[in-house]
Amino acid sequence: MNYWLLIIAMGAVTYIPRMIPMVFLRDIEPSPFVRRFLNYIPYAALTTLIFPGILYSTNNLFSALTGGIVSIITAFYKENLLLIVFAGIASAFVIEIVLF
């Protein structure tokens with residue numbers, strides 16, 4: 001019984017902060033600046049989650065940064081996501097083998 005109460009309480013704590021702005025701020029139109037700012041939040045959140053993983057992905061910082069830079073360059077050309085990941089992993093692997 002305690003687990004059900006815990007699940008219901010966690011659901012309410014998660015739902016209420018998301019519901020309140022939708023109900024009370026429904027008729028307010030954000031300014032273009034605020035709208036642009038909110039559009040960039042997912043990119044900033046992904047960057048803060050991914051960048052530390054790149055730095056600590058190998059035992060050597062140079063090979064890790066090489067893999068990250070190759071992935072960024074590949075992503076700049078709007079390649080397939082699988083190709084971006086493979087290019088980063090392969091370049092970090094090659095640098096590890098060749099230099100270290």
Side-chain angles (χ1 to χ4, degrees):
M1 182 63 181
N2 289 335
Y3 290 120
W4 288 108
L5 291 175
L6 183 65
I7 291 171
I8 291 170
M10 289 185 339
V13 167
T14 303
Y15 179 74
I16 290 172
R18 294 176 186 195
M19 183 231 10
I20 289 174
M22 287 176 33
V23 170
F24 293 114
L25 303 176
R26 175 180 350 177
D27 299 326
I28 296 175
E29 185 68 30
S31 69
F33 174 76
V34 171
R35 187 177 296 275
R36 279 194 314 265
F37 175 76
L38 292 175
N39 283 336
Y40 286 114
I41 288 178
Y43 300 114
L46 277 174
T47 303
T48 58
L49 291 171
I50 292 173
F51 189 70
I54 290 173
L55 293 180
Y56 298 112
S57 62
T58 65
N59 291 332
N60 190 324
L61 183 63
F62 182 72
S63 64
L65 286 176
T66 303
I69 291 169
V70 168
S71 295
I72 290 170
I73 291 170
T74 311
F76 180 74
Y77 290 107
K78 306 211 188 292
E79 296 294 333
N80 185 348
L81 182 60
L82 189 61
L83 179 64
I84 294 168
V85 171
F86 179 74
I89 292 171
S91 63
F93 180 72
V94 167
I95 292 296
E96 278 285 325
I97 297 246
V98 170
L99 294 181
F100 305 105

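Every value quoted in this text rests on a predicted model; they were computed, and no experiment measured them. Counting begins at 1 with the first residue of the sequence. These numbers come from the heavy atoms of this one structure, side chains and all, not from hydrogens, waters or symmetry mates.
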same_hphob_cluster([X], [Y]) at 4.5 Å side-chain heavy-atom cutoff:
X: Val94; Y: Ile97; value: no
X: Val34; Y: Ile28; value: no
X: Tyr3; Y: Ile8; value: no

Minimum heavy-atom separation for [X] to [Y], with atom names?
X: Thr14; Y: Met10; result: OG1-O, 2.8 Å
X: Ala64; Y: Ser57; result: CB-OG, 3.8 Å
X: Thr74; Y: Ala87; result: OG1-CB, 3.8 Å
X: Gly67; Y: Ser91; result: CA-OG, 3.3 Å

Test: salt bridge (Lys or Arg N to Asp or Glu O under 4.0 Å). Region: [range]. Which pairs qualify, not counting sequence neighbours?
range: residues 49-74; answer: none
range: residues 53-62; answer: none
range: residues 39-51; answer: none

Partners of [X] by side chain to side chain contact (heavy atoms under 4.5 Å, CB included), sequence neighbours excluded?
X: Phe33; value: Ser31, Arg36
X: Leu99; value: Phe62, Ile95
X: Leu65; value: Leu55, Leu61
X: Leu82; value: Asn80

Could you list who else is in [X]'s hydrophobic cluster, with ILVMFWY side chains joined at under 4.5 Å, directly or through other members?
X: Trp4; result: none
X: Phe24; result: Tyr15, Ile16, Met19, Ile20, Val23
X: Ile54; result: Leu46, Ile50

**Prompt:** Can you name the residues that form a side-chain hydrogen bond (donor to acceptor under 3.5 Å, both in side chains) with Ser63, not counting sequence neighbours?
**Reply:**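 For Ser63 the side-chain hydrogen bond (donor to acceptor under 3.5 Å, both in side chains) partners, ignoring immediate neighbours, are Thr58, Glu96.
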
**Asked** Under the side-chain hydrogen bond (donor to acceptor under 3.5 Å, both in side chains) test, which residues partner Arg35, sequence neighbours left out?
**Response** Glu29

**Prompt:** CG of Leu83 to NZ of Lys78: how many Å apart, nearest 0.5 Å?
**Reply:** 14.5 Å

